[in-house]
Amino acid sequence: MRGFEGRKCQCGADLDAYGDHVEVCSKLSAWSLRHNRLAAKLAEFVRQTVKVDSIMEPLNLVPGASYHRPADFYTQFPNEDKPWAQDVA
């Protein structure tokens, strides 16, 4: 799944289009890597099967909390005013 163009890893390295750098980055833990991959796969599944917008929330959204995000991805349903925040536990 593409979508990492122009982004940087928390270690400062540039990410390639597929975000493959995170697999070898010493700054990211194995748990957060698995968690973020699962969240990305679920967002993609929702996009493809339900045919609605589903976008990943960027890291570093909350200042000073490098790994904290209010949600993992958002899903916008056609008849809803606000997107649904989806969190992967």
Side-chain angles (χ1 to χ4, degrees):
M1 175 179 11
R2 294 181 61 94
F4 294 95
E5 298 93 338
R7 295 187 184 182
K8 287 199 173 284
C9 177
Q10 291 177 353
C11 73
D14 292 322
L15 295 180
D16 64 292
Y18 296 97
D20 292 332
H21 165 77
V22 297
E23 292 185 38
V24 295
C25 180
S26 61
K27 297 280 184 185
L28 295 174
S29 71
W31 181 89
S32 64
L33 179 61
R34 287 190 305 269
H35 173 88
N36 291 339
R37 278 189 175 166
L38 177 60
K41 287 181 186 239
L42 287 172
E44 182 68 20
F45 176 79
V46 168
R47 267 194 300 278
Q48 291 181 1
T49 59
V50 185
K51 307 292 187 211
V52 295
D53 284 337
S54 187
I55 55 171
M56 294 295 294
E57 186 169 87
L59 291 173
N60 299 320
L61 187 64
V62 178
S66 61
Y67 289 101
H68 290 76
R69 299 179 292 190
D72 290 308
F73 64 95
Y74 290 96
T75 303
Q76 181 66 56
F77 292 99
N79 297 329
E80 298 288 330
D81 292 335
K82 295 181 180 179
W84 290 22
Q86 310 293 319
D87 194 26
V88 177

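Not measured: the values here are computed from a predicted model. Along the sequence shown, the residues carry numbers beginning at 1.
Aromatic ring centres of F77 and W84: separated by under 6.0 Å.
Contact record, V52 with P78: CG1-CD, 3.9 Å, taken as the closest heavy-atom pair. Contact detail for T75 and Q86: the closest heavy-atom pair is OG1-CG, 3.7 Å.
Partners of F45 under the ring pair (Phe, Tyr, Trp, His ring centres under 6.0 Å) rule, at least two apart in sequence or in another chain, do not exist in this structure. Partners of D53 under the salt bridge (charged side-chain N to carboxylate O under 4.0 Å, His left out) rule, at least two apart in sequence or in another chain, do not exist in this structure.
In summary, R47 and E44 engage in a salt bridge, as defined by a charged side-chain N under 4.0 Å from a carboxylate O.
With rounding to the nearest 0.5 Å, the separation of CG in D81 from CD in Q76 is 8.0 Å. We find the CZ-CG distance between R7 and L15 to be 8.0 Å, quoted to the nearest 0.5 Å. Taking CG of D72 as the reference point, atom CG of L42 lies at 9.0 Å (rounded to 0.5 Å).
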